[in-house]
There are 2 protein chains.
Amino acid sequence: MNDDARSGCPINLALETLGDRWSLIVIRDIMFGNRRHYRELLGQSEEGIASNILADRLKKLVAKGLLTRTDDPSHKQKAFYNLTEPAIALVPLLAHMGAWGRRHLPTTPELAIRAQLLEEGGPPLWEDFMTELRHAHLGVALPAAHVPVLARLTAAYEAEVARQRPA
Amino acid sequence: MNDDARSGCPINLALETLGDRWSLIVIRDIMFGNRRHYRELLGQSEEGIASNILADRLKKLVAKGLLTRTDDPSHKQKAFYNLTEPAIALVPLLAHMGAWGRRHLPTTPELAIRAQLLEEGGPPLWEDFMTELRHAHLGVALPAAHVPVLARLTAAYEAEVARQRPA
DNA sequence: AAAACTGATTGCAAAATGCAAGTGCTATAA
DNA sequence: TTATAGCACTTGCATTTTGCAATCAGTTTT
């Protein structure tokens with residue numbers, strides 16, 4: 001336990017790292033939206049995150065070991081963000097948070113469909129998703145029999161969006 | 001979805017309710033520490049929560065339907081707080097958060113033992129715990145075969161405290 | 001009567017948030 | 001070549017939140 005922490009309780013320590021309005025939103029967007037650049041995260045933010053908050057959170061998440069930042073070869077200033085293993089290990093937490101939100105809060109269907117699929121899939125699906133994230137973000141090899149998770153989540157989202165929109 | 005929300009995503013909505021430094025700490029203390037009065041929550045807070053923050057969060061959690069507040073017959077001013085079903089349904093989320101904190105952050109053993117037991121017990125233990133919380137906070141009857149969960153968590157905590165303290 | 005308890009509230013400074021404009025470098029389009 | 005767009009921030013400012021510690025006024029206990 002480091003000296004700045006208010007206690008060594010795991011929940012408290014997790015909240016000292018992630019207990020704010022925006023950090024898990026940033027992780028969500030990288031994880032589920034595959035947004036890897038600052039402009040993508042800023043411009044495509046469903047919640048309209050402020051530029052200074054996004055910059056601040058990205059910096060903090062890198063400092064705390066939840067993200068890594070690398071240069072993108074396509075532009076001298078462009079930064080590329082990857083999730084680390086601790087961030088990937090947040091999948092079950094985010095799945096539970098999504099399930100809880102779906103049940104107890106007034107969600108919209110197109111934004112809730114991914115949470116529904118994760119809840120229905122349960123821990124085996126979360127493990128598959130984490131395996132896929134390790135591949136995409138850490139360069140770990142995928143098993144031969146891997147069934148894509150993120151593509152399935154995204155397809156369900158897009159189908160729901162099309163469903164909500166009259167032709 | 002109500003008009004103040006930044007989006008209808010379940011994760012976002014959960015974070016609009018609970019995405020701050022202190023709300024889940026308050027719920028944790030009521031849930032695991034069985035602290036049901038303001039002074040208990042304030043005086044026994046491992047993290048030293050500030051009085052105005054505690055008062056503010058209790059009020060907000062009541063307003064959002066996660067806590068109920070009733071008068072305590074022993075003192076005209078004394079308030080008694082109970083978890084609601086949505087708060088009890090946060091057990092898996094808190095269990096995951098604790099497990100994540102134990103694995104990725106520098107926790108102290110006596111404060112991490114409960115998280116360890118919850119992780120080892122998995123969903124069956126969480127269900128038992130939620131059943132017990134429904135009894136304690138909502139007055140729902142306990143099954144005859146119920147094995148106490150909170151008492152076991154507390155005993156493990158106290159054993160760990162005694163273990164860390166030389167005689 | 002004095003002290004302790006009750007759930008707050010208050011005064012203040014520091015920190016964080018949110019909006020929108022601005023910065024200086026890099027890449028692309030005209 | 002010049003103008004425009006893209007890049008990840010940064011900045012100025014007002015508002016809100018946090019955190020510390022003292023205070024409040026009613027209630028109960030000593």
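Just so it is clear: chains get the letters A, B, ... in the order the sequence lines come, proteins before strands, and each one is counted from 1.
Screening L133(B), L83(B), D128(B) against V91(B) for a side chain to side chain contact (heavy atoms under 4.5 Å, CB included) leaves a single residue, L133(B). Of the residues listed (E46(B), R28(B), R21(B)), the one engaging N12(A) in a side chain to side chain donor-acceptor pair (under 3.5 Å) is R21(B), and it is the only one.
In this model, the phosphate group of dA16(C) is not approached by any side-chain N or O of W22(A) to a distance below 4.0 Å at OP1 or OP2. Taking 4.0 angstrom as the limit, R57(B) places a side-chain polar atom (N or O) nearer than this to OP1 or OP2 of dT18(D). At the phosphate of dA8(C), OP1 or OP2 sits under 4.0 Å from a side-chain N or O atom of R69(B). Of the side-chain N and O atoms in R6(A), one or more sit less than 4.0 angstrom from OP1 or OP2 of dC20(D).
Side-chain atoms of A50(B) lie closest to dC20(D) of the nucleotides dC20(D), dT18(D), dC19(C). Listed candidates were dC19(C), dA16(C), dG7(C). Nearest to the side chain of Y38(B) is dG7(C).
Using a 4.0 Å heavy-atom criterion, one finds that F80(A) contacts no nucleic acid atom at all. At the heavy-atom level, D72(B) lies nowhere under 4.0 Å from the strands shown.
With the nearest nucleotide of DNA chain D identified for both H75(A) and G48(B), H75(A) has the one nearer the 5' end. For the pair K78(A) and S51(A), nearest-nucleotide mapping onto DNA chain D gives the more 5' position to K78(A).
Within the 4.5 Å cutoff, the side chain of M97(A) has heavy atoms near those of the L15(B) side chain.
Put simply, CD on E47(B) is 11 Å from P on dG19(D), counting in whole angstrom units.
Counting only distance, with no hydrogens or angles, the side chain of Y38(A) and the backbone of S51(A) share a donor-acceptor pair below 3.5 Å.
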